[in-house]
Structures are given as structure tokens and as C-alpha cells.
**Q** 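Pasting a structure below so you can have a look.
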Amino acid sequence: MQGLMMDAPLLVSGILTHAERNHAHQEIVTRLVEGGIHRYTFGDCARRTAQLAHALQEMGVKPGDRIGVMGWNTHRQLELYYAISGIGAVCHTINPKLGPQNAAFVMNHAEDRFVFFDTTFAPLVQALRPHLSGVERYVAMTTEEETAKLGVGVDCYETLLEGKPERFDWPSFDENTAAAMCYTSGTTGQPKGVLYSHRALVLQCFAALLPTSFGAGAGDTILPVVPMFHVNAWGVPYSALMIGMKLVMPGPGLDGKSLHELITTEGVTFAVGVPTVWLNLLAHVEENGLDLGRLRYTLVGGAALSRKIIDGYEKYGVRTRQGWGMTEMSPTGTVNFDGPGFYDLPHDERIEVQLRQGKALPFVDMRIVSDAGEELPWDGKSDGHLHVRGPWILSSYYKAEEPTLTDDGWFDTGDVCVIHPDGRMQITDRAKDVIKSGGEWISTIDIENVGLSHPAVAQAAAIGMPHPKWQERPLLIVQLKDGAAASTDDIKDFVNEKLPRISQVDDVQAVDEIPLGATGKVLKTELRKTFADYQLPDLR
Ligand code: ADP
């Protein structure tokens, strides 16, 4: 028997309409690419998004067209998110840090018809133009004055909106229609396209807003440092509007000083980003004897959370929550929610639990599978490949030539993990990074965590080096804090004292700068190239 409910589709435009009706006076604050701070309300945002939708239709944008957007987190990109998806087209966010070759690849692969970009990326866009035969028009997301500086062949965002009606009758269509698109950042291979449906984005937004998920609420002022050019800034542009949270957009100012300024002047209470961002901010606050204003929580994901971040922020009264996800999961799969009693646990015991990636959001199924394909128990000990399935997890990469899922319909995340009996998943590593030594798997995350806890270490990365007897042994590569003078031998003694025997590192090497990829994660592929000719001490 079928239920007798309306078949009303879950569309992204519904979030904007709701925000306009119910939270019209809430603020969106943006650090502008042009300099200065821009401030307006959800109501203003809805009106300008309507104008943009009219402009897009006038440009000839049709349902299903892919529109490339290469920009910082700003109110203009927010308007593009809602206007493009709202008219049934696909908002293809492009990561400008992918490098010219990958950027051209993803734009051609997606067949972008129009490209919107921030002026910061004008040189990149100019260089890409000869390679993008399918793009009909380029629009600079700025004022007429700034656009004029870019020369001919570029339209101006603000001019497009001028004089357009401030209301738009958002169409209704199938909720499985594609709303947005994002390519994986290529940390471990060529970028692959993921097409988000309206349904997936709306459901993920609801799930992220559960009190047991991100844990941000209506009273929060939220700062997505995580970029809108990669996995929709973890859905914050949707969730903030859904429940009327004040939204603070950092624009191009992602350094410690700019973030600190925005956090304190705008009263940010909840901030979201990758670990490297939080380490940089912490260093800035510590070095300059500052505080973090009203900030009460950071949600950290995209790479493993470290003890250094947890303890470092707690000194300033800020708690840290960890999430895990992937481009392919829209992106959130788990959050380590610190429920009642969590902070009553003894400190070290609590940190151990806090370093886990957390419990699955509702409707996300997880399983762990051994190399031989057997399903493993959730005992906190058995580690294997993490498979997932659920309503906001991809069914196929865009234009995939091979099936994306396993024969029985699961997505293999490429991560290796254990799951504890309470349901908390803990990533040991990426399958491609895990160090295989004497038949055991060594977690590089564990080694890096200990490395980072050395007071002189700013960044740490562990990689497996070939070893004739053990197959691989760990090498820890560190970047020291500015002005720090610890020796690599000191650091080696420090970490090996804290690690189980199997994980103890064979050597520590210091580099000036650990390379970070397009989303602020350590690029181990680059480090492996740098250390290609390196030999571990006992092999020299
Ligand atoms: P890419 O795979 O191109 O780096 P993603 O941003 O989709 O792009 O990264 C997803 C991967 O990031 C996950 O598969 C996992 O390896 C890693 N990751 C994400 N969150 C965490 C976390 N909290 N702890 C450890 N690793 C994480």
C-alpha cells in the first residue's frame, strides 16, 4: 500500500525560499576579494539570487547545463550556488589549486558552457582559455570597475544582475536532477567527477543539522573555512540558510591573521575546516598572545585531527569535533559527536576517543572488508577497507568507464579503518598510504599525531620506505616551526618513546616545507618523489 503524501521534491531552491521567508534579517558577512567587508541579509541574498537566475536564463543557460565557478567563499558564490541549481542547471565548482592541467581537464570533462571566476584567478583563466573550446562566456565575479581592468572578453557579474527582477518563480522538477558537481582533488590520482542531486544535498543538509552531527545550532555564527570550490564547503552554504545561522565568509583571507580578525570581529562561534587551517590559526594566536573571541567549536575534517589541535584549542576554551567524509559522499559520512558525559572522561581517555572519526550519520551504512573480501567485525581491532552506501553517496563517477561500486552495491572509500563496538569508526590510513611492515599495517596517522605533538614540529608526514626485510618501514618527515631548533634525532627519540614498537620510525628527516595539495592536505605523492632516492639508515 502506498502512503498518501504529496510527492513534493526536495530541491535546493526550497532552502533559499525558506530562508527568505523565515530568516530574512539574518546576516551574511564576506571578506571581499576586492578588499573590505561586505554585509547583507538572507533577504538581500534571495533577491540578488533571483536577479542572477534571470540573468542566467537571459544568457541562455538551460536545465542540465554545467556552469563552472572558480571562486573563494563569498556572497557571490553563494548566489551562484542557489541560482544555478535553482533553475535546474549544474553548479560545477572548480578547485583553482588543482593546477592548470587538471583545471582544464575538469572543465572540458564537465563541458562547462559558462565560467564565473574571482579576479584572483584571472591569470589562470586567461591561460586556460585557449584550451577550453566549449566555454561561451566568462564572467568576473566583481564590480564593473574591477572587470574593466581585466580587458576584453570578460563579462561583469554585477552588471549582469543590474535591473533584473528581484523575484523568481523557482521551477519544480525531479529531486534526482543534478544540482552541483565537484571533482575529487586528485590527492591520489586523476580528478573524477561527482554529480550531486538535489535530493542528496537536501538530505545531507538535514543530517548535518541534527544535534548529534555537526552540532551547530540556530544561535551559532558559522565560518566555513573549508572552500566552496570543494564539496560545497561541507554543505554549510545550505545548512546556514536552512536554520538561519549568521554566515561569515572568509573570501581569500585564509591565513591565521585574517581568520582571527574575522572570528573575533564577527563573533564566530562555530568554524569548519581542515587541520592545516587550524594549526596555522593556532600558531598565529599563540605567537601573538591573542584569544579566540566567542569561538566555541571547530569542526575538523578532510584529514585526521591531531591531539595538538584538540589541546591547543582547549587552552582558548574552544572544543574540537571531528568529521570524516569524501567528495563522493557529499561529503559527510561520520561525525564524532561528543555527547553528554564526554568531557567528564579522564583527559587522555577522552582524547583517544576524540581522535576517532566518529559515528555514521543516519542512513549511512558502513562495513569493513579484509583484503580477501570478508566482512570484519566492529571490534575496534580488525582493520580493513571501509565501504559505505547511502542516499548522498555517489552511484557512479561522471562519464565513468568502469563501474564505481562493488558488485553488491557498496562504495569502496579507499580508506582503511577499524570500527569500535560503540559504532565509532577510526581511520587508520588511506589504503595507498598505509605502511606495510612484516605483514602488519602501520597507521601513518598515528605516527603523524605523535610527531605533531613535539613542540618544535609544525607539520608532520609519515611515508613507507622500501625495506628488504620488512617490505616497508616508516620515515617521518617534519617541517619545523619558524625559529625552532630541534634536531631530527631529538624528534626521533621523542616519537619512538611514545609509539608501539612496530610503528617506531626508522628515521626523521626535516624539510623546509611539507607540500600541501589543493584542499590543504599533505601531498604524500610529492614527498615520495622527493625521497625517491633516500635510503633508511640501516640500509646505507
Ligand atoms: P581527495 O580524495 O581528492 O583528497 P576528498 O576531499 O574527497 O578528496 O578526501 C577524502 C579523503 O580524505 C578520505 O577518503 C580520507 O582519506 C580523508 N579524510 C577525510 N576526513 C578525514 C578525517 N577526519 N580523518 C582522516 N582522514 C580523512
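Just so it is clear, the values below take in all heavy atoms, side chains as well, and ignore hydrogens, waters and symmetry mates. Here the structure is a predicted model, which means the values were calculated and not measured. We count ligands from 1, going down the list as the structure has it; atoms in each ligand are counted the same way.
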**Q** Could you list the atoms of ligand 1 found under 4.0 angstrom from a heavy atom of Q322?
**A** 22 (C), 23 (N), 24 (N)
**Q** Distance under 6.0 Å and angle within 45° of the ring axis: does R319 meet both against Y313?
**A** no
**Q** Where the closest heavy atom to atom 23 (N) of ligand 1 is concerned, which of G358, A304, G323, P275 has it?
**A** G323
**Q** Checking the N or O distance criterion of under 3.5 Å, is ligand 1 in contact with H230?
**A** yes
**Q** Does G414 come within less than 4.0 angstrom of ligand 1, counting non-hydrogen atoms of the residue?
**A** no
**Q** For W392, check ring pair (Phe, Tyr, Trp, His ring centres under 6.0 Å) against everything at least two apart and list the hits.
**A** none
**Q** Taking NZ, NE, NH1 and NH2 as the nitrogens, is one of them in R307 or E352 under 4.0 Å from a carboxylate oxygen of the other?
**A** no
**Q** If only atom types and distance count, is the side chain of H198 paired as donor or acceptor with the main-chain N or O of V12 below 3.5 Å?
**A** yes
**Q** Using 30° and 60° as the class boundaries, would you call the ring planes of F531 and Y534 parallel, tilted or perpendicular?
**A** perpendicular
**Q** Looking only at heavy atoms, is any part of T327 under 4.0 Å from ligand 1, and if so is it the side chain, the backbone, or both, or is it neither?
**A** both
**Q** Mind checking whether T184 has an N or O less than 3.5 Å away from an N or O of ligand 1?
**A** no
**Q** Check whether NZ of the Lys or CZ of the Arg K399 lies under 6.0 Å from the centre of the six-membered ring of Y397 and within 45 degrees of that ring's axis.
**A** no
**Q** Heavy-atom contacts under 4.0 Å between Q357 and ligand 1: side chain, backbone, both, or neither?
**A** side chain
**Q** When the ring planes of H454 and F494 are compared, do they come out parallel, tilted or perpendicular, using 30° and 60° as the limits?
**A** perpendicular
**Q** Should one rank R430, R356, M425 by closest heavy-atom distance to atom 11 (C) of ligand 1, which comes out on top?
**A** R430
**Q** Report yes if some N/O of G302 lies less than 3.5 Å from some N/O of ligand 1; otherwise report no.
**A** yes
**Q** Would V231 count as being in polar contact with ligand 1, using the rule that some N or O on each side must be under 3.5 angstrom apart?
**A** no
**Q** In this structure, does ligand 1 have an atom that sits under 4.0 Å from one of the heavy atoms of P331?
**A** no
**Q** Got a sec, which residues hit side chain to side chain donor-acceptor pair (under 3.5 Å) with N108, two or more places apart in sequence or on another chain?
**A** none
